[in-house]
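Numbering starts at 1 and runs along the sequence shown. For ligands, and for the atoms within them, numbers begin at 1 and follow the listed sequence.
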Amino acid sequence: MAARQNDQAEIKQKVTCKRETFEDLMDVYQLLLEAYGPRHWWPAETPFEMMVGAILTQNTTWVNVEKAIRNMGKRLTSDYIAAAPLEELGELIRSSGYFRQKAQRLKNLTEWYAQYTYDIEKARARKGEALRAELLAIKGIGPETADSILLYALDKLFFVIDAYTRRILERLGYTLPQTYDELRMVIEQNILADLTVYQEFHALLVEHAKRHCTKEPRCCACPVEGICWYRQGKVT
Ligand code: SF4
């Protein structure tokens, strides 16, 4: 009986034991950077191609996005997307899945971009918060897609949160706020306010989630195992 109570106390401790602050987040960044090197994400030839990629990557893998982008070829321009019949555009991006929905979303995005006469510098001249509000008002663009566009195409300091971010930070032992924006802000408050750091940190977390911190984590030789509370058995 006493042994069982001890076991339960230990389990409870494992679940409730959490890091108290996010102050050492930059240490995580440095370790990942040393292990994987700069990722130079997002792979796109133009800021508009980046924005298109941010829509195409919703609910699919990057391999499927690449196929769709290749298929669009020289038609990957704002002029083409604005004028193309919806069905024709959908066929071009079929490999990315939900292609009818995404074709409409690309048109919505392009319509928004038209107010800046498809000139990225004009869009960049706007304040980040104003741009974010505009992007979030577009049907089919949620916080993750909006922040990806803000960070990688519009050069604005908004940290991108995805499922990988939550998985890794939770395993490292951080207490994560529930909502997207709360987590974004707590990360932003604890890392260097620098565009390269924001871009690289997000990309490094994605890389880490694919190489080591997979669904079933491959902890052996993980670059952050020395500071990982899951590895140390403090969290489950
Ligand atoms: S040690 Fe394991 S759980 Fe911790 S970050 Fe690395 S892969 Fe993930």
Assess the pair F22 and Y174: is the distance between their ring centroids shorter than 6.0 Å? yes
Notebook entry, point to check: For I168, is the nearest heavy atom under 4.0 Å from an atom of ligand 1?
Noted result: no
the protein heavy atom lying closest to atom 3 (S) of ligand 1 turns out to be Y230 CD2, 3.4 Å
N-O pairing of K210 and E207 below 4.0 Å:
no
T57 and V65 have their tightest heavy-atom pair at CA-CG2, 3.5 Å
message = Between R94 and E91 (salt bridge meaning N to carboxylate O under 4.0 Å), is one present in this structure?
response = yes
On a heavy-atom basis, the closest approach of L89 and A103 is CD2-O, 3.6 Å
V224 heavy atoms within 4.0 Å reach ligand 1 at atoms 5 (S)
Closest to atom 5 (S) of ligand 1 by heavy-atom distance, out of E170, R171, H208, is H208
Closest to atom 8 (Fe) of ligand 1 among protein heavy atoms sits C213 SG, 2.4 Å
Check: Do Y98 and R105 meet the criterion of a side-chain donor-acceptor pair at a distance under 3.5 Å?
Finding: no
Taking only non-hydrogen atoms of R231 and a 4.0 Å limit, the atoms of ligand 1 in range are 1 (S)
for atom 4 (Fe) of ligand 1, nearest protein heavy atom and its distance come out as C228 SG, 2.3 Å
Ligand 1 atoms nearer than 4.0 angstrom to some heavy atom of E225 are 1 (S)
Notebook entry, point to check: Would you call K156 and D147 a salt bridge, using N to O less than 4.0 angstrom?
Noted result: no
re atom 2 (Fe) of ligand 1, the protein heavy-atom contact at minimum distance is C219 SG, 2.3 Å
Near H212 (heavy-atom distance under 4.0 Å), the atoms of ligand 1 are 7 (S)
For atom 6 (Fe) of ligand 1, the closest protein heavy atom turns out to be C222 SG, 2.3 Å
Notebook entry, point to check: Do E66 and I69 have side-chain heavy atoms sitting under 4.5 Å apart?
Noted result: no
